[in-house]
Amino acid sequence: MTKASDLFVSCLEQEGVEYVFGVPGEENLDFLDSLSRSKKIKLILTRHEQGAGFMAATYGRHTGKAGVCVATLGPGATNLVTAAAYAQLGGMPMMMLTGQKPIKSSKQGRFQILDVVAMMGPLTKYTRQLASADNIPSRIREAFRLAQEEKPGAVHLEFPEDIAHEQTDGIPIPKSNARRPVADEKSIHAAARRIEKASSPLLVIGAGANRTMTSGMLSQFIENTGIPFVTTQLGKGVVDELSPKFLGCAALSSGDFVHRAIGAADLIINVGHDVIEKPPFFMRAGGAEVIHINFRSAEVDPVYFPQYEVIGDIGNSIWQIKETIQPQAAWDFASMMKARAAELAHTARSAHDMRFPIYPQHLVAQVRKAVPDDGIICLDNGVYKIWFGRNYPARAPNTVLLDNALATMGAGLPSAMASSMIYPDRKVMAICGDGGFMMNSQEMETAVRLKLNITVLILNDNSYGMIRWKQANMGFADWGLTYGNPDFVKYAESYGANGHRVTSAAELPGVLETCLNSPGVNLIEVPVDYSDNDPILNKEIRDLSAAL
Ligand SMILES: Cc1ncc(C[n+]2csc(CCOP(=O)(O)OP(=O)(O)O)c2C)c(N)n1
Ligand SMILES: [Mg+2]
């Protein structure tokens, strides 16, 4: 016989779990004790459950294996809610474990008790209470299977205190090696023939294409056929964006050069489209036709009704189409290429803007120069996400981690921390607004304690800049969105991190270089001026691309 919490940990080991991130409570103490004896799994204690959840989700995003986080009942579980939504909407496999009072007999009334299983319902693919120790192996296997299967997402198990110290003769259930189904030949041929017939085909790469096997297949497809590509924000980096075939990332909703390029296509090969992202294009009657290539069939929408669908493993579908397609001399990409050339010329003009506080265009250019191609930047959520999405060429998958699904603030620092744990030999940078950073800044202590090597760049505009910009766009008065900040240099130092403040545009490259090459946690505060948002993002880009 085995103690239930020991069996739980053995099942996690069987799933290949390396870390459990979290903030345990009294109701998790049996689990914690069992975990202390594991030789394979490390506990990563955080300072807030949200930080643990964001780290676990990011672990899932990088590895494809569910990241695990633990919290207590009630308040611990409610603190995990945003991270659950982040993983669920963003397609990141994550398993949440929460404790609960004894379910068979409890003498504490309803103190701290919430129906956590029900609360997690809309936020997960699977949420269950472990009501018997005998069910632990099957529930855990099922939770991991669902978290990791397309579309990956969040799952939740509640492990009540009395069940945790039951005895059971259960044993872990081994993982099966199920393969994903592949698309059938007829749909492959229909797609290939349609692409051959097109005048100006274009590839759009979205969130679902960001999978290990897909990246190589898509790169080969583009190389062999010469068909250009654009990406959504979550498709960034799936294919090298310094490729001459890259036409841009749809970071703005409309009116950008990239939309001009999309408008020049008569056929869109839409790979890994996920409706959770703002659509990079809207279908209309008589407009460009669409081939939907995905793990699942297209969700019905008034602006999305693809004429062709290739359903099955995306990497395999792309490979199969590549094998049968005949690239056509008649394909015409001239208008698309013109839009891209105009965009590159426009971006280059402002890359060396030396005004201070820093302008975002200059900042993006300098960060790109400082970060190696395999370096990872993890963006929090604010105005700069648009500038990085548009202007930062990602060269490899998962080198730009951003959240264009839940688009939550507060994930920048935890996702950089998890990235650095998984890839200790790569340069990792969190890029946060002053608002987003402060939402989980307490994890600086965790980062220092774990001896992580990360750089945390904070863009200081003393405000919720993104909302202030939208407020101005909508013609409202500038009101209610500014605040004060701590002295970020002293703040960093109080955690045992290194603090730097950039005081001129010329200083930025040197400070970036120093921080990226120094061990430990390095924080850089950069004052930022967002006054170009309106003239450039709202006007200049629209006018220039409309005039093409
Ligand atoms: C958790 C959360 N709360 C609120 C928002 C709405 N929101 C989006 S961007 C933003 C402001 C971000 O401010 P900051 O982090 O300072 O970045 P900035 O835009 O100023 O560069 C807010 C409040 C959100 N996305 N997530
Ligand atoms: Mg700000």
Side-chain angles (χ1 to χ4, degrees), residues 48-54 57-58 78-90 123 233-234 251-253 276-278 356-364 367 377-392 400-416 429-444 456-474 476 478-488 491 501-502 508 523-534 536-538:
H48 192 292
E49 291 82 354
Q50 197 179 91
F54 287 151
T58 304
T78 54
N79 272 355
L80 274 183
V81 160
T82 304
Y86 172 76
Q88 180 73 354
L89 269 55
L123 304 171
Q233 290 186 48
L234 288 172
L252 287 172
S253 303
I276 200 73
E277 286 203 89
K278 276 187 201 162
F356 193 80
I358 297 282
Y359 276 64
Q361 312 88 299
H362 176 66
L363 177 89
V364 174
V367 171
I377 61 167
C378 302
L379 305 183
D380 209 283
N381 210 64
V383 186
Y384 51 88
K385 195 175 87 176
I386 298 175
W387 289 102
F388 275 91
R390 286 187 85 253
N391 297 17
Y392 184 97
V400 177
L401 297 196
L402 52 77
D403 172 14
N404 197 34
L406 182 66
T408 182
M409 293 164 73
L413 175 61
S415 67
M429 189 185 277
I431 301 178
C432 309
D434 46 359
F437 171 73
M438 289 304 289
M439 285 198 180
N440 274 314
S441 64
Q442 73 285 349
E443 301 306 343
M444 289 285 284
V456 183
L457 185 72
I458 301 175
L459 302 177
N460 189 354
D461 65 343
N462 288 105
S463 71
Y464 291 126
M466 176 80 170
I467 309 304
R468 213 173 164 199
W469 175 42
K470 300 266 163 162
Q471 187 181 49
N473 285 349
M474 293 169 77
F476 292 120
D478 182 7
W479 188 82
L481 294 166
T482 59
Y483 44 65
N485 272 317
D487 177 328
F488 284 115
Y491 188 72
R501 179 172 294 120
V502 171
L508 179 64
L523 180 148
I524 312 174
E525 180 201 347
V526 188
V528 64
D529 188 330
Y530 282 135
S531 54
D532 262 5
N533 285 341
D534 184 53
I536 296 194
L537 298 181
N538 289 344

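All values below come from the heavy atoms of this structure, side chains included, with hydrogens, waters and symmetry mates left out. Counting starts at 1 for both ligands and their atoms, following the listed order.
- Remark: Asn538 engages Trp469, Asn473, Asp534 in a side-chain contact (heavy atoms from CB on, under 4.5 Å) (not counting sequence neighbours).
- Closer than 2.8 Å to the Mg ion (ligand 2) sit the protein N, O or S atoms Asp434 OD1, Asp461 OD1, Ser463 O.
- When the side-chain contact (heavy atoms from CB on, under 4.5 Å) test is applied to Met409, the partners found at least two apart in sequence or on another chain are Asp380, Asn381, Met439, Tyr464.
- In this structure, Gly412 and Cys378 approach most closely via the heavy-atom pair O-CB, 3.7 Å.
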Could you pull out the N/O contacts under 3.5 angstrom between ligand 1 and the surrounding protein atoms?
| from | atom 1 | to | atom 2 | distance (Å) |
| --- | --- | --- | --- | --- |
| ligand 1 | 15 (O) | Gly435 | N | 3.4 |
| ligand 1 | 15 (O) | Gly436 | N | 2.7 |
| ligand 1 | 16 (O) | Asp434 | N | 3.4 |
| ligand 1 | 16 (O) | Asp434 | OD1 | 2.6 |
| ligand 1 | 16 (O) | Gly435 | N | 2.8 |
| ligand 1 | 16 (O) | Ser463 | O | 3.1 |
| ligand 1 | 16 (O) | Tyr483 | OH | 3.3 |
| ligand 1 | 19 (O) | Val383 | N | 3.0 |
| ligand 1 | 19 (O) | Met466 | N | 2.9 |
| ligand 1 | 20 (O) | Asp461 | OD1 | 3.3 |
| ligand 1 | 20 (O) | Asp461 | OD2 | 3.1 |
| ligand 1 | 20 (O) | Ser463 | O | 3.1 |
| ligand 1 | 20 (O) | Gly465 | N | 2.7 |
| ligand 1 | 21 (O) | Tyr530 | OH | 2.6 |
| ligand 1 | 25 (N) | Ala407 | O | 2.9 |
| ligand 1 | 26 (N) | Met409 | N | 3.2 |

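- A donor and an acceptor atom, one from each side chain of Asp434 and Tyr483, are located under 3.5 Å apart.
- When all heavy atoms of Phe54 and Ala411 are compared, the closest pair comes out as CD1-CA, 3.6 Å.
- Nearest heavy-atom pair across Asp403 and Leu406 is OD1-N, 3.0 Å.
- Side-chain atoms of Gln361 and Asn391 form no donor-acceptor pair, as typed in the model, at a separation below 3.5 Å.
- Taking the six-membered ring for Trp and thresholds of 30 and 60 degrees, Tyr491 and Phe488 have ring planes more than 60 degrees apart, a perpendicular arrangement.
- Residues Glu443 and Gly51 come closest through the heavy atom pair OE2-CA, 3.9 Å.
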